[in-house]
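Worksheet: the structure to be examined is printed underneath.
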Number of protein chains: 2
Amino acid sequence: MVATIYDVARAAGVSPSTVSRSLSVPDLVNAETRLRVQQIAAELGYRPNRAARGLITGRTGNIGLIVTDLSNPFFPEVVKGVQGRARESDYSVLLADTGEDPTVEVGLIRALCKQVDGIVLCSSRMSETDLRGVTGDTLTVLLNRRVSKVPAVTIDNADGIRQAVAHLQALGHHRVGYVAGPRTSWSNRERLRGLRAATTPAGLDLVEVGAVAPTFAGGVAAADLVLSAGVTAVIAYNDLIALGLLNRFRAKNVSVPGDISVIGVDDIMFSEMVSPSLTTLAQPKEQLGRVGVDLLLQLLQDADPSGAARRTVTSQLVIRSSTGTAPPAR
Amino acid sequence: MVATIYDVARAAGVSPSTVSRSLSVPDLVNAETRLRVQQIAAELGYRPNRAARGLITGRTGNIGLIVTDLSNPFFPEVVKGVQGRARESDYSVLLADTGEDPTVEVGLIRALCKQVDGIVLCSSRMSETDLRGVTGDTLTVLLNRRVSKVPAVTIDNADGIRQAVAHLQALGHHRVGYVAGPRTSWSNRERLRGLRAATTPAGLDLVEVGAVAPTFAGGVAAADLVLSAGVTAVIAYNDLIALGLLNRFRAKNVSVPGDISVIGVDDIMFSEMVSPSLTTLAQPKEQLGRVGVDLLLQLLQDADPSGAARRTVTSQLVIRSSTGTAPPAR
DNA sequence: TGGGAGTCTGCAATCCTTTGCAGGAGGTTG
DNA sequence: CAACCTCCTGCAAAGGATTGCAGACTCCCA
């Protein structure tokens, strides 16, 4: 059997309380005693039983992480960030994947919330009502989404989009397309908003191309729509879609960036592996996860932060080979 | 406060024991009583406290999942499988990523083992000694690795490699290269072994190209070595490396498959997105995860299975555009 | 010398479930 | 009618850690 606090107590000739205190509130016990206890605990390989501790403290030492789709290379990076930061503070991460389905998302949260101290919810696709329901129950930090009164860390979409549009404008483009992602995605709405804010004053035309799945196949499907929209540049909701566009353009012998420039969002690993390599708005994926946990842990300490806490991280345009000067008007 | 078993008991006019039994061993209680209890429990939104239950049963309801590197698209798929199967049986998944470092792997396992009922260890890079140390402590299922006396699910590498070699042979190749992955990888050793077993009797020459990191950069780095090895076809440890090769070949104007054929292993999403699309040995990634959990759960039931349990899943060659007939000898 | 402050330590209750054991009710059998 | 069995339910004891409270001891000062 594994060593308990009683075993350590017996071996050290003290009471269990003293052992407990030596390990979790060291200041309260005499230095000499504490040292002896700690050493014996180490010798016996004592590790506190989390269940027992959790029973009394009400803390589990776990945080829940819910992502929409692990197959999208964006999310594993966020997971890494979350996981790394959590471990630094001795928290464990319970991971769940919703497969882009808001219904399972609700179910997963319900299932998870009893076993965690808080939840990090990444790119949630839930309705605001549902969201508010669960955030009332359990301390939740939103990633890539903003809802009033709920703690969140978001990426400065407006600023990123501005960089992208400025780049295109500098290259002489006048009419740019936007391939929209899921309507339920907050980021999608924000990017669209940023796009309008950036194009209108600059006198650029903006053409929105119907919502598609945020996947490679979605991009392939959107490619022909983009071509028929008569744009010289296109910004995709994410890199996966952009990669789909690139693939289909090549198949149709549409030159990139000769005939059309393409910009993605995320900067997933593969964006620099394809050819032409993809110009993209790099999102600080791992940082997003880290900051999310940071915020969560902080909120876990200060009982109530008197209102929602907010963090913002910034993205940066990475210019590669999929963007170039606008083709001369025919 | 959240409802406990006592609240339900009081509301239903029975003892806590009856409530507990109504929910977890329904057969032991009168149908009528059971129904009433269950209904009231539902009304009160009662959810058993896992910590309390775990304290007495010794079970946590969690399983630990340790992967080497989430950034490699192979692993998220495995994670999905594990996660999906676990949830079906009402288990949660604690995820950790080692970053290909055996040292942190040991640490993570130590940290995790107290909080889980069992561990799924995917593509472990630990030494056999270390491995044996941890598997003694905690029920562990290995994925992509085999060590005597330890439950494991593996992919039939020999068979897969045979398919790949047969394909190359049919295309007229006589001298094939193998870009090796991490020396600490069991899969790497197995693939090399399978390669020797498949090439020798067929009279093919096999050239091993030094071990590289199982990443895109690793592949880029290996490309020139491959070219200088004078082979007409190359099999890479995994798709990431193969993609690296492809990238570097293109940069050097080496035609694929005109000058050299390339085969990867894994069939990650991007293998069909590049051009030429990659011929690859498709691994049943998600299934690997599912079967791993299956096995773990089963072992968790039957106290001791009187020896190590084994499962094998099979891979299949997917032929795309990166392989073709061997170039005529010069 | 007495009293107060300060420092440690131990007792015992508590967190919430599960489960072995025993007992009550009702029915069956010899 | 007694003995016994079955079926269901409740009592009470874990399980391992944390923590409020109180006691013991030392030390200092008046």
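Convention: sequence-line order gives letters A, B, ...; per-chain numbering from 1.
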[atom1] of [X] versus [atom2] of [N]: gap in Å, rounded?
X: B:Arg50; N: D:dG15; atom1: CZ; atom2: C1'; value: 18 Å
X: A:Asn49; N: C:dC15; atom1: CG; atom2: C1'; value: 13 Å
X: A:Ile56; N: D:dG15; atom1: CD1; atom2: P; value: 17 Å
X: B:Asn30; N: D:dC7; atom1: CG; atom2: P; value: 12 Å
X: A:Arg47; N: D:dG16; atom1: CZ; atom2: P; value: 16 Å
X: B:Arg53; N: C:dC15; atom1: CZ; atom2: C1'; value: 16 Å
X: B:Glu32; N: D:dT9; atom1: CD; atom2: C1'; value: 14 Å
X: B:Ile5; N: D:dG10; atom1: CD1; atom2: C1'; value: 13 Å

Problem - Quiz item: B:Arg21 side-chain donor-acceptor pair to D:dG10 base, under 3.5 Å - result: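 Yes, a donor-acceptor pair under 3.5 Å.
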Practice task
Before accepting this row, confirm whether a basic side-chain N of the pair B:Arg125/B:Glu100 lies closer than 4.0 Å to the acidic partner's carboxylate O.
Solution key: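 Looking at B:Glu100 together with B:Arg125, the answer is yes, because their closest N to O distance falls below 4.0 Å.
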Practice task
Decide salt bridge (charged side-chain N to carboxylate O under 4.0 Å, His left out) for A:Asp69 and B:Lys80; before the verdict, give the C-alpha distance in whole Å, the side-chain angles of both, and the deciding distance to 0.1 Å.
Solution key: CA-CA 9 Å; A:Asp69 183 12; B:Lys80 281 180 117 172; 2.9 Å; yes
Candidate nucleotides [options], ranked by approach to the side chain of [X] - the nearest:
X: A:Ser17; options: C:dT18, D:dT9, C:dC11; answer: C:dC11
X: A:Ser15; options: D:dC11, C:dT18, C:dC11; answer: C:dC11
X: A:Leu55; options: C:dT17, C:dT18, C:dC15; answer: C:dC15

Exercise for the section: For B:Val25 and for A:Val14, find the nucleotide of DNA chain C with the closest heavy atom, then tell me which residue's nucleotide is more 5'. Expected result: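 Checking each residue's closest nucleotide, the 5'-ward one belongs to A:Val14.
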Exercise for the section: Tell me which of A:Thr33 and B:Ser24 sits closer to the 5' end of DNA chain C, going by the nucleotide each one is nearest to. Expected result: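 Closest to the 5' end, via its nearest nucleotide, is A:Thr33.
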Practice task
On DNA chain D, check which nucleotide each of B:Val29 and A:Tyr46 is closest to and give me the residue with the more 5' one.
Solution key: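 In this pair, the answer is B:Val29.
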Problem - Check against salt bridge (charged side-chain N to carboxylate O under 4.0 Å, His left out), B:Glu128 and B:Arg132 - result: CA-CA 6 Å; B:Glu128 205 162 312; B:Arg132 221 171 276 288; 3.1 Å; yes
Practice task
Determine: side-chain N/O of B:Ser20 to OP1/OP2 of C:dT17, distance under 4.0 Å, yes or no.
Solution key: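 No.
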Exercise for the section: Please determine if a side-chain N or O atom of A:Thr18 lies less than 4.0 Å away from the OP1 or OP2 oxygen of C:dG10. Expected result: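 For C:dG10, OP1/OP2 do have a side-chain N/O of A:Thr18 under 4.0 Å.
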Problem - Listed partners of A:Arg145 passing salt bridge (Lys or Arg N to Asp or Glu O under 4.0 Å), at least two apart - result: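 By the salt bridge (Lys or Arg N to Asp or Glu O under 4.0 Å) rule, A:Arg145 matches no residue at all.
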Exercise for the section: Nearest 0.5 Å please: distance from the CG atom of A:Leu121 over to the CG atom of A:Leu131. Expected result: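 CG of A:Leu131 is found 6.0 Å from CG of A:Leu121.
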